[in-house]
Protein chains: 2
Amino acid sequence: MALAETRNGDVWGEADRRHRIIEAAERAFVRHGFHATTMQHVAAEAAMSPGNLYRYFPSKEAIVQALCARDQAERGRAFATFAQAESVIAAMAEGLRMNLLGKPREKMQMILEIWAEAARNPAIAALCGAIDADVHAGLMGLVEAAKGKGEAVADLDADFAARLMITVVVGLFKRRAHETDFDGERELSLALGIFVTLFRGGIRPFSAPDAKGAV
Amino acid sequence: MALAETRNGDVWGEADRRHRIIEAAERAFVRHGFHATTMQHVAAEAAMSPGNLYRYFPSKEAIVQALCARDQAERGRAFATFAQAESVIAAMAEGLRMNLLGKPREKMQMILEIWAEAARNPAIAALCGAIDADVHAGLMGLVEAAKGKGEAVADLDADFAARLMITVVVGLFKRRAHETDFDGERELSLALGIFVTLFRGGIRPFSAPDAKGAV
DNA sequence: CACCTGAGAATGAACGTTCATTCTCGTTAG
DNA sequence: CTAACGAGAATGAACGTTCATTCTCAGGTG
């Protein structure tokens with residue numbers, strides 16, 4: 001099916017090329033940043049001509065969207081793996097280790113750029129929103145699973161816990177992107193420290209004391 | 001020759017114009033986003049011609065840097081206020097209320113763009129780094145103050161606490177920028193819930209169980 | 001076999017647009 | 001008058017996109 005299909009069945013080849021372009025685009029975006037990356041850069045990285053990119057994607061924007069969609073799929077797969085883990089804390093540890101230590105800093109920087117883009121570009125915003133919803137749902141599932149295993153107190157509010165975990169992880173992502181002396185293991189133990197207490201039921205929403213007088 | 005500077009009292013007028021331009025730039029950046037804002041937009045917002053901007057700033061980049069610097073100064077002032085507050089938790093509540101509810105969403109979106117920019121632009125990175133260092137130092141000061149007032153346990157690691165609080169606040173900033181249904185009061189009580197437990201000594205770094213088997 | 005044919009793949013120079021920046025010249029204050 | 005101020009057109013570079021052209025190669029033909 002590989003070589004013989006070039007005549008008519010180049011659909012295979014086309015998907016392959018689209019994939020190659022997205023990979024190249026990611027490398028280029030990671031290297032030069034989001035806005036500074038030109039189609040020439042992507043083309044060079046993909047080892048093809050600029051014009052030829054347009055045979056596979058109608059615009060630069062389309063490439064960006066495809067890349068975001070791929071990330072979404074990746075994230076979804078990661079959560080599917082989490083759900084099978086025996087210990088929820090261990091799963092969180094593994095997931096964070098993968099993202100805080102496993103990925104190069106530049107990748108985190110690209111995520112910052114995607115976040116910024118999402119604030120302006122409705123298509124990207126929709127993709128990111130879908131990712132976030134997935135993650136939120138996945139985390140709530142994890143919390144419920146943890147309850148079932150006795151790793152979390154029974155009356156833990158799953159939505160509260162999920163929002164808290166997302167907040168912490170997002171904060172770590174940003175810090176990882178910026179801080180040159182970011183210590184992954186140290187920050188990992190910080191996050192896990194929070195989560196352990198959370199699961200133990202030690203963290204509850206706290207209504208602020210009236211701040212009328214404060215400045 | 002070029003230094004015939006203080007010829008007149010117009011030095012005042014110049015500072016005034018620079019200030020006006022920065023304010024206009026902020027409005028433009030907030031409205032159109034960082035990269036999509038043109039000098040024409042800034043000029044229109046400042047009610048002057050594009051060319052005339054260059055009488056006061058050598059480049060677009062210089063305007064951006066001035067804006068970031070102003071934000072840094074603002075942040076510094078905010079922390080000076082915090083330090084005087086009677087209750088540390090109340091101070092945090094007030095500070096977060098100001099930033100999570102007081103500022104328009106668009107302002108948060110601009111901060112995301114500044115973060116993204118900082119990943120690529122050394123000058124902006126330096127400014128952001130300085131802000132972060134200020135905030136970190138200020139928070140450690142707050143923690144120590146809280147200890148003194150008996151609001152925090154004596155053996156709380158100030159650096160750990162500061163990093164944790166920064167992480168949470170950063171996470172909330174990002175979520176505020178993106179989530180259309182972001183509930184400021186709810187998230188505020190989430191953050192304060194964490195901080196209260198933290199000050200009580202209920203959160204400690206947690207070393208992850210070994211994750212050899214996981215994928 | 002040698003040679004053609006044609007269609008999809010790929011090229012890369014050129015185009016048109018969008019800006020940051022500069023230039024020119026009119027206006028105003030002292 | 002002089003010098004600073006300011007408006008707005010002009011400039012030039014960068015970049016996404018297009019398109020006329022070239023390449024490749026599976027089949028057909030003799």
Side-chain angles (χ1 to χ4, degrees), chain A residues 1-25 28-29 31-67 113 117 120-121 123-124, chain B residues 1-22 24-26 28-29 31-67 113 117 120-121 123-124:
Chain A
M1 169 130 8
L3 273 159
E5 285 278 355
T6 31
R7 182 74 182 145
N8 179 7
D10 222 13
V11 176
W12 179 86
E14 170 149 341
D16 187 48
R17 292 246 151 60
R18 287 175 57 95
H19 188 250
R20 195 171 101 202
I21 291 171
I22 290 179
E23 298 262 304
F29 288 145
R31 180 172 306 132
H32 303 100
F34 204 65
H35 289 276
T37 298
T38 70
M39 290 299 261
Q40 323 287 331
H41 288 148
V42 177
E45 196 71 42
M48 65 174 63
S49 65
N52 200 34
L53 294 175
Y54 288 85
R55 184 174 292 278
Y56 302 99
F57 291 94
S59 65
K60 183 183 181 182
E61 159 112 5
I63 295 180
V64 170
Q65 287 183 26
L67 202 155
E113 299 199 59
E117 192 65 15
R120 301 289 161 196
N121 182 327
I124 308 290
Chain B
M1 174 74 162
L3 305 180
E5 38 192 336
T6 41
R7 187 73 187 126
N8 221 340
D10 224 11
V11 171
W12 179 85
E14 170 149 341
D16 188 48
R17 290 253 151 58
R18 286 175 56 97
H19 188 251
R20 195 172 99 200
I21 290 171
I22 290 180
E26 175 163 31
F29 287 145
R31 180 172 307 131
H32 302 102
F34 203 66
H35 287 276
T37 298
T38 71
M39 289 299 262
Q40 276 81 4
H41 288 147
V42 176
E45 195 71 42
M48 65 174 62
S49 66
N52 200 32
L53 293 175
Y54 287 84
R55 195 173 286 281
Y56 301 99
F57 290 95
S59 67
K60 183 183 180 181
E61 160 113 3
I63 295 178
V64 171
Q65 287 184 26
L67 202 157
E113 300 200 58
E117 192 65 16
R120 300 289 162 196
N121 183 328
I124 308 291

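So that the names make sense, note that chain A is the first sequence line, chain B the second, and so on, each numbered from 1. Values in this document were obtained by computation on a predicted structure and should not be read as measured data.
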Between the first and last five pairs of the helix from C:dC1-D:dG30 to C:dG30-D:dC1, the angle of the axes, rounded to 10 degrees
20°
Produce the list of close N/O pairs, under 3.5 Å, pairing protein atoms with atoms of nucleotides 23-25 of chain D; give distances to one decimal.
none

If you take all heavy atoms of A:Phe57 and A:Ala66, which pair is closest and at what distance?
CE2-CB, 3.9 Å
Results of side chain to side chain donor-acceptor pair (under 3.5 Å) for B:His19 - residues two or more places apart only
none
Here the distance between atom C1' of D:dA7 and atom CG of B:Leu53, to the nearest Å, is 11 Å
Regarding C:dG8, can its base be found pairing with the side chain of A:Arg55 as donor and acceptor, where the two atoms are less than 3.5 Å apart?
no
Between the protein and nucleotides 14-16 of chain D, which nitrogen or oxygen pairs come in under 3.5 angstrom?
residue, atom, partner, partner atom, Å
D:dG16, OP1, A:Thr37, O, 3.4
D:dG16, OP1, A:Lys60, NZ, 2.8
D:dG16, OP2, A:Met39, N, 2.8

Gap between atoms CZ and P, on B:Arg17 and D:dC5 respectively (whole Å)
8 Å
C:dA9, OP1 or OP2 - any side-chain N/O from A:Asn52 closer than 4.0 Å?
no
Any side-chain heavy-atom pair from A:Met48 and A:Arg17 closer than 4.5 angstrom?
yes
Return the minimal non-hydrogen interatomic distance between B:Phe29 and B:Phe34, and the atom names on each side.
CE2-O, 3.8 Å
Got a sec, which residues hit side-chain contact (heavy atoms from CB on, under 4.5 Å) with B:Arg120, two or more places apart in sequence or on another chain?
A:Gln109, A:Glu113
Could you check A:Lys60 against A:Val42 for side-chain contact (heavy atoms from CB on, under 4.5 Å), going step by step and ending with a plain yes or no?
CA-CA 9 Å; A:Lys60 183 183 181 182; A:Val42 177; over 6 Å; no
Which heavy atom of B:Pro50 sits nearest a heavy atom of B:Gln40, and at what distance?
CG-CG, 4.2 Å
Assess whether side-chain contact (heavy atoms from CB on, under 4.5 Å) is satisfied between B:Thr38 and B:His32, documenting all intermediate values.
CA-CA 9 Å; B:Thr38 71; B:His32 302 102; over 6 Å; no
Could you tell me whether a side-chain N or O of B:Arg18 sits under 3.5 Å from a main-chain N or O of B:Tyr56, the two making a donor and an acceptor?
yes
Output the rounded distance in Å from NE2 (B:His32) to P (C:dA20).
12 Å
Do B:Glu117 and B:His35 have side chains that get closer than 4.5 Å, going by heavy atoms?
yes
Across all chains, not counting sequence neighbours, the side-chain contact (heavy atoms from CB on, under 4.5 Å) partners of A:Gln65 are A:Glu61, A:Ala123, A:Ile124, A:Leu127
Just N and O in the side chain of A:Ser49: are any of them under 4.0 Å from OP1 or OP2 of C:dT11?
yes
